[in-house]
Amino acid sequence: MLSLLDYDFMRRALLAALLTGLAAPAIGTYLVQRRLALLGDGIGHIALTGVALGLLTGQAPLLTAVVVAALGAGLIEMLRAHGRASGDVALALLFYGGIAAGVLLTGLAGGSAATLTSYLFGAITTVSDTDLAVVVGLAVTVLALALGLAPQLFAVCQDEEHARVSGVPVRAYGLLIAVLAAVTVTVSMRTVGLLLVSALMVVPVAAAQQITHSFAATFGLAMGIGVVASLTGVVASFSANTAPGPTIVLVALGCFVVAAPIGGLATRRRRRGEPFADAESREHDPSESHQHAHGPGCGHPAVRHGDHVDYVHGGHRHAAHEEHYDEH
Amino acid sequence: MSAPAVRARDVSVALAGRPVLRRVALRVDVGELVTVLGTNGSGKSTLIRALVGLLPLESGSVEIFGIPVGRLRRARRRIGYVPQRSTASSGVPATVREVVMTGRMAHRRLLGWPVKGDSAAVAAALAQVRLTDHAQAPVAHLSGGQHQRVLIARALAGGADLLVLDEPTVGVDADTQRLLAELLARLLGRGVTVILVTHELGPLTSLVDRTVVLHDGRVGYDGPVSGLERPESLAHDHAHGEAPRAGLYGGGIWR
């Protein structure tokens, strides 16, 4: 381990990995909560165009990538907020446009397949001092906002409409989350790479929520898993001389594989602890004042439910029971 | 004389270009409990969502305690909103307490973490819906009725004096329905105004001051429950032309 830290580039890579491992799951928790788990993936594709623009114009690819990814994320969020991206088609257009333009422009800039691979899957030896300064600055900003605005972001991601009625500026926070995700994608570009960055945003959260019960715990544990995966990935990448991204993602997936059965076991134990807690109130729940008789052709969709038939009725299911109907 | 809790004048709303509300007028005085009934698609939920400022108005105006709904700002904390929803959970686990805490958002500035007063308000709201013992439980583990109680507690936590509930009784157990009736009775005693969309009055009937029935986006009836010709059928989501045939299919073969 000491020998690792003797190398300047390794020290830079480990610091970048540490910050990436913290920031990606932090913002990822909000994305998963909003059920936008794949947003990071799309932003990664768009960021590639930014990288290529940097290569083509001689600017630092990290900076052009941040700008292009943030613009793309903002565009996606605005399409979403205005209900225009109802299909995933609008998003798909951006994703594919991003990666196609990225590869084309990299080619025009004289970049090789190796250049592309280093951005797509990470490359620890390429983290320069300038890169590191940008990465530290951006990652600390993302972490500060993701933690400092936690109550507001949680409320927006939990129930957008309720937050709006409470006077929370939902649009602004939605845009902030999208831009933070874009910044995180770019920050993670050197360690995990653009194609796998979304995994570092989502997989630690998925692993954490197997065993956690609260948002706060999920948030914290996901960051812990992210750090372990990132550091392991970078070290393994050094020893095996491979791209760090795939190792980071496989370690994170390993955490999920370990966490899933633990969570399943805990759920089973909880159910055994209170066997009839739910059943009691649901077993027999007569519907109030029901004058309509359900039957074939009564207009209400019939659903087979075990040994009888339920009729779907105003969003709930009625089953005939003696002289009345039960709620099923 | 103080302004009414809600005054909607000439409200028209279109969803995706289709007119859903047509020149609806509604006045709810402070301390009243008004229910909004109507068949599916009659515009009940649309009316409620327009009242709390979630939908743009094609025409007309909505005032909450005398303030136009678009300019409520800090007065937003006076509205407690229970959206029509069967679940309180999202993509990530959250405890009952964490969800109910978001009901305090209107009391917070742009930045800011929960303070002591927020915790006390959340504890009080949980006690009112009898979920104190479940405060640390993940919402995903709750039953349908308990989910609804979490959403109600979230609305109560803000200390609102206007409570707007969209179908809080759909698919909940009888216990939760009774609890809701007791809770609303207590709140009305404190001068809170309640607007409630429902299609089953059930144990709430005796609390209702006035009922508004929407029909095809227009107010078809506005008066006491007793004035409804057939409260059951209207309240029950579908009006059947024929007499009930209880017993024909209710007895055995479909069981």
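Within every chain, numbering begins at 1; the chains are lettered A, B, ... in the order of the sequence lines, protein sequences first and strands thereafter. Both backbone and side-chain heavy atoms feed into the values below; hydrogens, waters and symmetry mates do not.
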Heavy atoms only, distances under 4.5 angstrom: which of B:I79, B:T102, B:V92, B:V139 has the most pairs with chain A? Name it, please.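 Of B:I79, B:T102, B:V92, B:V139, B:V92 has the most heavy-atom pairs under 4.5 Å with chain A.
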Please report the interatomic distance CE(B:M105) to CZ(A:F154), rounded to the nearest 0.5 Å.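 That separation rounds to 10.5 Å.
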Let me know if B:R104 has heavy atoms under 4.5 Å from chain A in its side chain, its backbone, both or neither.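 Neither part.
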Parallel, tilted or perpendicular: which describes the rings of A:H162 and B:Y81, with under 30° parallel and over 60° perpendicular?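 Judged by the thresholds at 30° and 60°, the geometry between A:H162 and B:Y81 is parallel.
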B:R49 side, atom CZ; A:E161 side, atom CD - distance, nearest 0.5 Å: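 Interatomic distance, B:R49 CZ to A:E161 CD, rounded to 0.5 Å: 4.0 Å.
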Look up atom CZ in B:R154 and atom CD in A:Q158, then write down how far apart they are to the nearest 0.5 Å.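 Going from CZ on B:R154 over to CD on A:Q158, the span is 7.0 Å.
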Considering only heavy atoms, which portion of A:R164 lies under 4.5 Å from any heavy atom of chain B: side chain, backbone, both, or neither?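 A:R164 touches chain B through backbone and side-chain heavy atoms alike.
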Check each atom of A:L147 against the heavy atoms of chain B and say whether the ones under 4.5 Å are side chain, backbone, both or neither.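 When you check distances to chain B, only backbone atoms of A:L147 fall under 4.5 Å.
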List the atom of A:R35, the atom of B:S90, and the distance in Å for their closest heavy-atom pair.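 Scanning both residues, the minimum pair turns out to be NH2-C, 3.2 Å.
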Between A:V168 and chain B, which part of the residue has a heavy atom less than 4.5 Å away: side chain, backbone, both or neither?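 For A:V168, the contact with chain B is made by the side chain alone.
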Minimum heavy-atom distance B:P93-A:Q209, with the two atoms named: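 Smallest interatomic distance, heavy atoms only, reads CD-OE1, 3.2 Å.
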What part of A:V165 gets closer than 4.5 Å to chain B, counting heavy atoms only: side chain, backbone, both or neither?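 The answer is both parts of A:V165.
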Using non-hydrogen atoms and a 4.5 Å limit, figure out which bit of B:T176 sits close to chain A: side chain, backbone, both or neither.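 Contact with chain A: none, neither part.
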For B:W113 and A:P151, which heavy atoms make the closest approach, and how far apart are they?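 That would be NE1-CD, 3.6 Å.
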Between A:T218 and chain B, which part of the residue has a heavy atom less than 4.5 Å away: side chain, backbone, both or neither?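 Only the side chain of A:T218 comes within 4.5 Å of chain B.
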Please classify the contact between A:A216 and chain B as side chain, backbone, both or neither, with a heavy-atom cut-off of under 4.5 Å.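 When you check distances to chain B, atoms from both the backbone and side chain of A:A216 fall under 4.5 Å.
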